[in-house]
Every structure is written in structure tokens, then in C-alpha cells.
Amino acid sequence: MAKRSKKESVIPDSPTAVFESSSDKLLNAIQKYWGYNSFRPLQQSAMLAAMESRDSLTVLPTGGGKSLCYQAPAVCRDGLAIVVSPLIALMKDQVDSLTACGIPAAFINSTLSVDERKLVADRIRNGELKLLFAAPERLVQNRTIDFLETCNVSFIAIDEAHCISNWGHDFRPEYRQMGILRSAFPNASIHAFTATATQRVREDIVLQLGLKEAEVLVGNFDRPNLFYRVERRHDALSQIKAVIDRHPNESGVVYCISRASVEETANSLKSLGYKALAYHAGMDGEQRKTHQDAFIDDKIDIIVATVAFGMGIDKSNVRYVVHAEMPRSIEAYQQESGRAGRDGLEAECCLIYSGRDTNTWEFLINQSENDDNRQASLTALSKMEAFCGSAICRHQQLVRHFGQQLEKDNCGACDVCLDEFDKVQDPLIVAQKILSSVYRQEQRFGAEYTAQVLRGSKNKKILFNKHDKLSTYGLLKNEADRVVRGWIDQLLAQGFLKRHGEHSVLVITEEGAALLKGNASVILTRPKSSSAAVSLEDKWEGVHRELFEELRQMRMKISTERNVPPYVIFGDMTLRELARYRPTTMATLTKVYGIGQQKKDEFGKQLIQLIKQYSAENDLQTNLQAAPAKPAPPSRPRPVAQISVATGRIFELFDEGLSLDEVALQTERAISTVTSYLEKYVVARRIDSATQWVSARNIKLVEQTIAEVGRERLKPIYDALEQSVSYEDIRVIIACLVNRELG
Ligand code: ADP
Ligand code: ZN
């Protein structure tokens, strides 16, 4: 490398050896225990931080796979990993899931009896446990800390870490006490996880937990398996029904704003014969839990709920989330809709809204929040409204909200990109008709009234006000009410109109005045008449549906016997693969997604028997070309939108073209630290040539050696070159090579 003495350039073998073997260990563990083939984006980096005891903060969206980021290293490392989790129900689920995979785990919280607690303590003392889940308030007690200090704690993971920040949406004062963990466990690294993405919350987490030189990993916020659709509400119940009917026998959540509408919607659905139950904070605790469990255990299909439902629900097979009313912010929408499709399979998110929802929220916000929060909440609300009324790709809008950018022009998974709308041919004229009616009505009436005037209604109030004499009366008489209301919403969302006062009368903004004069432009859309089909990649391809149902029944039976949720036994993806490939031997069975050692041993025979019998009776082929044998992932997966606070400055200096020595000097870091960032930099910036840092001769040597010995392991390359090229150089060269291949 440029400007480095020979002595510095030869980094001792061990760090790389640790890196290599840690990655291998992790990959083996996720195959053996979970039956997974590869890491999801950022998982490997997050896991390596835990393997190598570097404090970290990992931000991944719901369903991104945060749990595995601490579970896998916990299994691979000596000692006990502690996981802090805010919700008792979630702890139990995680422990059940881990136990089902053959991993010794336990929790301590207030639900345990004295004897049970003793038993857990014994298992810890005997070094039996790999993971211990604890509530924050329990963990910070002196006697817990004193006890755990003697127990070889490998690292501490903090789930839902945004609860520590009062900038977040779910501040929990008991999380604040965890500031003492950093000094109470000086030898254990701390790893925080959250799905809340704002910069401010991120910084606050690092600060409050006292993380040292934290590696901050921020994942891609797009959820490509979710199909987003936004509809104006015209007939709520039939719109909700349409979504449910696209997913027969599958699990879904329907969100409403108020308890009353939850009750009403749940009752209507029940009376139509759907298996639905209500959930809101007004119900007593026991009933709430019964309903929640019935949903989690697949005993009912639909839960109709307020936002009180969801936090801490890990159910992986939610196939749709309907918002029967508009959520209060894009963050809330992202969280709530994000509860669909955690298993990575396709799922539908349908938002049904109307201008009235904005009024409801405004009312609630004005009632309940202090002046500081009120303005922020109203701003968030107006962004949500703009989201609904806009004709920009939904995926794009969501990731932009979190400071990211979708690289595709057409996401293929939202109503906008799939052209479920027709653009109005002459939007300016239509908009002018609407605005001028608002103007002629002296800006004293709401959206519903305005639409009626434009559609030429004989409503008494209109006749009384003599608005049937206005020149705008009946100008849009050939359009359906919901279309006209939709246009008014779009004008509101695009800022040409605004609502004013208690009665939400429509008022023309400055932009609206410009539009009236023809000095601005506008886009208006109307829903296509036949927009129903969800066209996500069909992950049902080749799946024998009836066999899938049989397998589902079997899963239900096992889960009932064991008193755990069905998805703890197998996820839907696993059942689909079983019903697709129909393995009847242990060897083909292990190729199926989600079947690790333990599950093969425990359920293999039953599965094979069922599949054999069913296939024989129905004359189905078995052992079809199963999923490809679990391949090793590329030397390092390409990280998606990976940013690190500590790394940021170093990257900037690399960007400016500074040499390694100069970067080390400017950042006051050891040259070895800076060089370890170079590989990340090369990966992040997709640089495909290392000439800036490594001599052309060394590049050539390394590339020739790779052609002979491969690049899966670094040591053979290092040795073949008689240790004349440093590990860092080799890694940088490989990273460039990978980038070149990825193009
Ligand atoms: P999060 O906590 O980030 O919302 P989870 O940890 O619940 O996400 O993971 C979501 C789903 O993805 C779970 O069903 C989990 O088992 C699965 N999953 C996680 N990592 C992987 C992986 N590397 N390969 C396959 N499935 C994974
Ligand atoms: Zn789109």
C-alpha cells in the first residue's frame, strides 16, 4: 500500500483468521440451527460486530432479520448473551422459537415463579444457556448485575433500542436506566437494534447507552415483498372485504383509528362470516390477550385493531394489512404496514383513506398533545396526507422519507407503478373547475359539499344557498362522487387547497390561486375501473395447495400440543417449499428452507410420512428438484445503503483522495484501523480498481494467485505469495474484483 513501511503493512495473521472463521462459523450456525442458506443484507456485518466485541447499532426495517443478528453470534461465541427486550410476550416467543431450533435459551421476568427463577439461575451457573432474555428494569438491578458478572457474559443485545430515546415514538423510561450497563459490564460489547430510522434517534441511542466507537449499520428501508395500494374510501366495508377475499384463510390485520370503529368493523366482518376479532386498549387485559393469541395461533384470520396492536407481535405470516382509516404519520404507516410479510413472502398493504381521517387526527392531536409536540404531529400528519394523494411510487415515497432512494424507476409492487390509475387528460381544466367552485362558494364549504355542487346535486342545502345558480354547478356531473372527492383530495395533497377551521372548509392557497390563473401545473388521476389483482411475483408457483393445507393442519396440531404459535414450528415459506418439492427422504428434506438439524430430527419422520402418503394417494411426483443445495454466499454480501457514523468521516477523507497515512493523521486513528475501513469503503463506493492504494504489481500478483487458489479463503493467497502482500491489500483487491463482477 502507498506510503506504508514494510513493518506496518504486514498485519498479523490473527485478525483476519478471526474474521474468516467467524463468518464460516456464523454461516454454519444459521444453516444448522435455522435451515437458512445465506445472510440477509447487513446481518453478517452486524453479527461480526458481536463476534468481535465491537459496540454497534443496527437499524433494519421490521422483518429485516434483527433477531438473527444477535442469536447467531450468541450460539457461536462462548458464554452467555443477554438480550434486553421490552415485552414479556415477545421474550417467550423468542425463547420458544430458539428452543424449537435446539438452542438453549431462557428468560427472566415477573411471570416466573421463584422456583422457575432458581432453575434459570442454575442453568446459567452451569453454563448451559446461550441466551438469556430480560426486561430492562430487571437487568439493571444490583443483584442481577452482581450475579451476571460471574457468569461469562459474551455480549448484551438491546432490542427495540429506540425505546431509550424520547425522540422516538415509543419512549420507555425504564430503558434509560440501561445507561449503566456500559460500565457494569466493561468486557461485554453492547449491540442495539431498532427499526426506527431517524438520525436523531440513532444518535440518541448511541449517546444514552454510552456505546464506544459504535459501528452504526443502517439497512435498506424498502420492503420489496410488500405491495402498497392507496384507495379513497367510498364504501369502507366492501373495500376491506375485497382485500380479505384476495387472501382466503390467510392472516391479516385491519387497523382503524378509534375503538368504536374497531368494534363496528369487527362486528360487520363477523356477521359476514369472517373469522375476525377486535383488539383495542379499551378491552380488558385478559380479553385482549385471548384475541391476540387466537390471531397469533392461526385460530382466527383477521384482527381488527387500533394502533395498540402490533408492537411485539412477531407473527411472520401476516399476508395483508389494511388501514381502514389513514394512519397519523408515515413512520406509523411504515411500522404498521411493515407487520405484513415478515417472512419475506409477498403481502399486501392497502390504505383506505378519506379527508375525514385528517380531521379526526387533527382533533385527537389538538386534544392530547402539548404545544411542543402538536406542531410536529400536525406536520407529520400533512406528510401522510400528501403520501395518499400523490402519484409517486409508494415504495419510493417511503424510502425517501427515511432519507434513502429507490434505485428502480418502477417498483412493480405499488398501485402507482402498476398503473392502477389513469392520468386525467386535461388536469388543469378539471382543477380550475374545482378551484373556481370553491372560490364562488366563498370558501365557506367543505369537500363533500363542493363535490355535490360540482356534480349538480339537488341537495336541499345547495338549493337553499342558491348554489345551483353558480356557473360551476354540475360542471362535473358525469363523474362519480368518489372520483371528484379523489380530485379534491389530490388538490389538497398537492397544496392547491387547504382545510380551514373547525368545519374544515376548503380554502384556496397561493399555489391554488396561481393554478386558477393557469400559472402552475397539476397532475390528477382517477382509479381504473378494474384494479384488483395483486401482481407480485407468484411465490405459490408449483405449490400444491391442498398438500399445503394438510401441512398447515399438521403444524397446527403440533403447535397446539406444544403450546407455541404455529410459526415457531415452521414458517409459511417452509410449508410452501414442502408442498412444492415434496421431499420424502431426509436428504432432500434438509434442503428445504427453514429446516435445520433439530427440526429435521424432531419432525422429519412425520413430514415425510404425510408427504409420502398424500403424494401416493394423489399421484403426485415427489422429490422434485429441490431448492439448490445451500450455497456459500459470496465472500461478502454487498451491503445495501450502509452508513456508519464512525466510518462517515473516514469515507469522506477517502473521497477526497487522501492517502492512508493522511487519513490516519487527520482522524487520529491507528493506520491499522484506517486500513480496516478501506475495504468497507471500496465495497460501499463500489470501486472496482485498487490502484489508488495498492501497487499495480501486487494487484497483478494477487489476481493471478486467485485464479489458481480461489478467493474463498485469504490464507492460501497470502501463503502462496509468501506473505509478501498484506491481508488488507488482498482484501481490498478482492473487494474490487467482486465489484467488477457485479458490474
Ligand atoms: P425483525 O426483528 O427485524 O423484524 P425478525 O428477526 O423477526 O425481523 O426476522 C424476520 C423473519 O425473517 C423471521 O421469520 C426470520 O426467521 C427470517 N430470517 C431472518 N434472517 C434470515 C435469513 N438470513 N435467511 C432466511 N430467513 C431469515
Ligand atoms: Zn412503485
Side-chain angles (χ1 to χ4, degrees), residues 26-27 29-31 33-44 46-47 58-72 83 85 87 90 93-94 97-98 100-101 103 157-161 193-197 217 219-230 310-318 334-335 338-345 347 349 387 390-400 406-421 535-536 565-574 577 592-596 599 627 630 633 637:
L26 290 165
L27 194 60
I30 68 169
Q31 289 177 341
Y33 292 101
W34 285 274
Y36 298 153
N37 294 338
S38 55
F39 300 109
R40 292 222 177 125
L42 291 194
Q43 279 185 330
Q44 190 183 21
M47 290 178 191
T58 303
V59 187
L60 280 173
T62 311
K66 289 183 283 295
S67 329
L68 205 65
C69 296
Y70 53 80
Q71 292 172 345
V83 183
S85 174
L87 290 156
L90 202 68
D93 267 13
Q94 287 223 20
S97 296
L98 287 164
C101 294
I103 298 164
I158 299 178
D159 214 355
E160 313 284 359
F193 296 87
T194 178
T196 300
L217 301 160
N220 189 331
F221 268 75
D222 188 38
R223 302 273 311 275
N225 61 317
L226 301 189
F227 182 98
Y228 295 103
R229 163 182 296 119
V230 180
M311 168 88 163
I313 303 291
D314 251 354
K315 187 173 167 64
S316 66
N317 62 340
V318 174
Q334 208 253 359
Q335 285 264 334
R339 295 190 175 120
R342 272 173 177 250
D343 51 12
L345 292 170
C349 304
F387 174 91
S390 134
I392 298 171
C393 167
R394 312 288 176 196
H395 283 265
Q396 181 69 275
Q397 290 191 66
L398 286 174
V399 300
R400 269 191 204 156
L406 197 72
E407 286 178 5
K408 302 174 260 193
D409 286 339
N410 186 319
C411 76
C414 83
D415 51 353
V416 178
C417 290
L418 290 186
D419 246 3
E420 293 192 356
F421 301 109
S535 76
L536 273 177
Y567 64 85
V568 164
I569 306 293
F570 295 118
D572 278 14
M573 177 84 111
T574 304
E577 289 209 351
V592 167
Y593 173 93
I595 299 200
K599 293 198 176 164
K630 291 163 182 171

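On a predicted model such as this, the values are computed, not experimentally measured, just so you know. Indexing begins at 1, ligand by ligand and atom by atom, following the structure's order.
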Next item on the list: Tell me, with the steps shown, if R400 and Q397 meet side chain to side chain contact (heavy atoms under 4.5 Å, CB included).
Entry: CA-CA 5 Å; R400 269 191 204 156; Q397 290 191 66; 5.8 Å; no

Notebook entry, point to check: With no hydrogens and no angle check, do the side chains of K315 and N317 hold a donor and an acceptor under 3.5 Å apart?
Noted result: yes

Check: What protein heavy atom sits nearest atom 6 (O) of ligand 1, and how far off is it?
Finding: S67 OG, 2.6 Å

Item checked: Numbered atoms of ligand 1 (with element) below 4.0 Å of Q43, judged on heavy atoms -> 19 (C), 20 (N), 21 (C), 22 (C), 23 (N)

Margin query: So does F193 get a backbone contact from the side chain of E160, meaning a donor-acceptor N/O pair under 3.5 Å?
Written below: no

Check: Identify the closest protein heavy atom to atom 1 (P) of ligand 1: which residue and atom is it, and at what distance?
Finding: G63 N, 3.5 Å

Notebook entry, point to check: Hey, is D159 close enough to K66 for a salt bridge, meaning N to O under 4.0 Å?
Noted result: no

Notebook entry, point to check: Are the side chain of R223 and the backbone N or O of G341 linked by a donor-acceptor pair below 3.5 Å?
Noted result: yes

Notebook entry, point to check: What protein heavy atom is closest to atom 15 (C) of ligand 1, reported as residue, atom name and distance in Å?
Noted result: Y36 OH, 3.5 Å

Checklist line | Winner among G65, S38, C69 once heavy atoms are compared against atom 8 (O) of ligand 1 | finding: G65

Margin query: Could you check whether any side-chain N or O of K599 sits under 3.5 Å from a backbone N or O of F570, counting only pairs where one atom can act as donor and the other as acceptor?
Written below: no

Check: Does any donor atom in the side chain of Y593 or D343 lie under 3.5 Å from an acceptor atom in the other side chain?
Finding: no

Note to self: Show me which atoms of ligand 1 lie under 4.0 Å from any heavy atom of L68.
What the structure shows: 20 (N), 21 (C), 23 (N)

Check: What pairs with P566 under side chain to side chain contact (heavy atoms under 4.5 Å, CB included), at least two apart in sequence or on another chain?
Finding: D297, D298, R555, S559

Next item on the list: Measuring from the Zn ion (ligand 2), count protein N/O/S atoms under 2.8 Å, please.
Entry: 4

Check: With only distance considered, is R40 within less than 3.5 Å of ligand 1 through an N or O on each side?
Finding: yes

Notebook entry, point to check: Has the side chain of H395 got a donor or acceptor atom that lies under 3.5 Å from a matching backbone atom of L226?
Noted result: yes

Notebook entry, point to check: Got an N/O contact under 3.5 Å between I30 and ligand 1?
Noted result: no

Checklist line | Which residue and heavy atom of the protein sit nearest atom 7 (O) of ligand 1, plus the separation | finding: R342 NH1, 3.2 Å

Item checked: Protein contact of atom 14 (O) of ligand 1 - nearest heavy atom, named by residue and atom, plus distance -> S316 CB, 4.1 Å

Note to self: Does D572 form a side chain to side chain contact (heavy atoms under 4.5 Å, CB included) with Y567? I'd like the steps, not just the answer.
What the structure shows: CA-CA 7 Å; D572 278 14; Y567 64 85; over 6 Å; no

Notebook entry, point to check: With atoms numbered from 1 as shown, which atoms in ligand 1 lie under 4.0 angstrom from a non-hydrogen atom of P61?
Noted result: 3 (O)

Check: After noting the C-alpha distance and the side-chain angles of S67 and Q94, does the key distance pass the side chain to side chain contact (heavy atoms under 4.5 Å, CB included) rule?
Finding: CA-CA 9 Å; S67 329; Q94 287 223 20; 4.0 Å; yes

Next item on the list: Start with the C-alpha distance between W34 and I103, add both sets of side-chain angles, then the distance that settles side chain to side chain contact (heavy atoms under 4.5 Å, CB included), and finish with yes or no.
Entry: CA-CA 10 Å; W34 285 274; I103 298 164; 3.5 Å; yes

Check: Taking non-hydrogen atoms only, is Y593 closer than 4.0 angstrom to ligand 1 via side chain, backbone, both or neither?
Finding: side chain

